[in-house]
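One structure is given here, and the rest of the page talks about it.
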Protein chains: 2
Amino acid sequence: MTNATAEIAPGRKTEAKTLAAQVYEKLREDIVAGHLEPGSKLKLEQLLSKYSVGMSPLREALSRLVGDMLVTSQGQRGFRVAPLSLTELEDIARTRSFLETEALSLSVQKGDEEWLETVEQSYRALAQNEEELDASNGEPPSDLVSRWEESNRQFHAALLSACGSVWLLRLNSILNQQMERYRRLSLRHSRGHRDIAGEHYAIYKAVKDRKILKACELIEQHLDLTTEEVRRALLQNEEEAAEA
Amino acid sequence: MTNATAEIAPGRKTEAKTLAAQVYEKLREDIVAGHLEPGSKLKLEQLLSKYSVGMSPLREALSRLVGDMLVTSQGQRGFRVAPLSLTELEDIARTRSFLETEALSLSVQKGDEEWLETVEQSYRALAQNEEELDASNGEPPSDLVSRWEESNRQFHAALLSACGSVWLLRLNSILNQQMERYRRLSLRHSRGHRDIAGEHYAIYKAVKDRKILKACELIEQHLDLTTEEVRRALLQNEEEAAEA
DNA sequence: ATACAAAAAAATTTCGAAATTCTTGACTTT
DNA sequence: AAAGTCAAGAATTTCGAAATTTTTTTGTAT
């Protein structure tokens, strides 16, 4: 065990990472990113070398991913990446929309001025990112896209952060993680024009003005548009697979 | 490995159970039942002998329970049973109510005659159980209580089964599991009189008559009354602990 | 008595091999 | 050709010991 370093030991502010926790994180990222094929058998011997880890930490990580619903296990037959399907996409999208609008509604009702300040800051960071994306010609550089994704994630988290329900946020984040698998899968397709920046601004404005119904309506539309993009891409995927 | 038996091998209709899966199930039950103290450190050496299992299957089971949010882990310092708190109880109760009323609403809208037949059967089994409970003098035998709990669970599952959302049911069952920990903790206290059978009948009747709003209102009240019982018992627990 | 350092003991995590189960391919029977 | 049986190889699961980390105890200095 080599990962508890000298800088960490005094005061122990940062969590020591076991090998199992490290490989869990890598596996989780790879599943969400689609690098491990949905539905595919996870061959343990291959994963041992791919992730430079032993059997016990690997099985621990996979077991935890079973609890996260990103992996399925079958006794004596090992583990598989959880499958994806259009039916499930619709279910996740509806359920996420249902939860996220509730969380937003509660947030707008309960959030104090400090919260609103946080929302404003995250909106500004996002808006700046979106301007840079707009200004980039052709295909934007991947680090710019990554930064946009992070600031988008933070804007949405800030919006919901005053909802007062740890569990609502947990469940919503489970659904977001599932949804992200679909979104990543859809990135291989060019998308139609969509004014995401405008959508974000409208949501931010409604929240700033404390218009609960409006905000919920807008975020629902925002989520629905994302789902529509993903759905279209997945359908294209299926058509291309049928032609091959 | 001894648990794949000869009866199972032909056709393989039933899942082969690894040791890890078996100890996972036992640990899960013991945590939900409160046999393992909320917040307590899970000492691996003790668990090895308690559950007659080796270190690898044990750690796999615990890792999965981390994913289930019944156990917390801290790198290099092992695992703990997830804590309970009054604040969390309220959060879980609200969130569960929110999800379960939605699932019921969808179920009543979408459920066909076959579904309604299933609901009716489960209601009849529950009602019979409740009559037997009523007829038993003093403290009812524990097998009767267990049977009531199972038929109660099945009634609720039947009610929601036509909602058309795998994910809504999954999330709701996560919350039910969490809530069950609190309910079990509250069983050590006698409870005030409550007409649970009447509540079940009213819900069943509203569902049978396809009165969505009424059904949702009733199930919300039903869940709230359960929460109130649990809350009162937990407050009593705290008072008793303060006196000791 | 308190604080610090070092050693010992306990606990946790991981390793690598052994045990067990599943899958595949070869062969035989119908 | 299809179905069944068996053995070999591959994959999965578990074991028990070793390695590592944390906690506790002991000893020393102030």
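In what follows, chains carry the letters A, B, and so on, assigned in the order in which the sequence lines appear, proteins first and then strands, with residues in each chain numbered from 1.
Salt bridge B:Arg183/B:Glu229: absent, no basic N to carboxylate O contact under 4.0 Å. Remark: B:Arg153 does not engage B:Glu180 in a salt bridge, criterion side-chain N to carboxylate O under 4.0 Å.
Between the P atom of D:dT22 and the CZ atom of B:Phe79 lies a distance of 15 Å, rounded to the nearest Å. As a whole-Å value, the separation of A:Gln76 CD from C:dT21 C1' is 5 Å. One can place CG of B:Leu19 at 17 Å from P of D:dT12, the figure rounded to the nearest angstrom.
Listed in residue order, the members of residues 35-63 of chain A having a heavy atom less than 4.0 Å from DNA chain C are A:Gly54, A:Ser56, A:Pro57.
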**OP:** With side-chain hydrogen bond (donor to acceptor under 3.5 Å, both in side chains) as the test, would you mind laying out the steps for B:Glu240 and B:Gln236 before giving the verdict?
**Re:** CA-CA 6 Å; B:Glu240 284 162 14; B:Gln236 252 179 325; 4.9 Å; no
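When the side-chain hydrogen bond (donor to acceptor under 3.5 Å, both in side chains) test is applied to B:Arg28, the partners found at least two apart in sequence or on another chain are B:Glu25, B:Gln177.
Residue A:Arg96 is tested with A:Asn172, A:Asp91, A:Thr227, A:Asn176 for a side-chain hydrogen bond (donor to acceptor under 3.5 Å, both in side chains); the sole match is A:Asn176.
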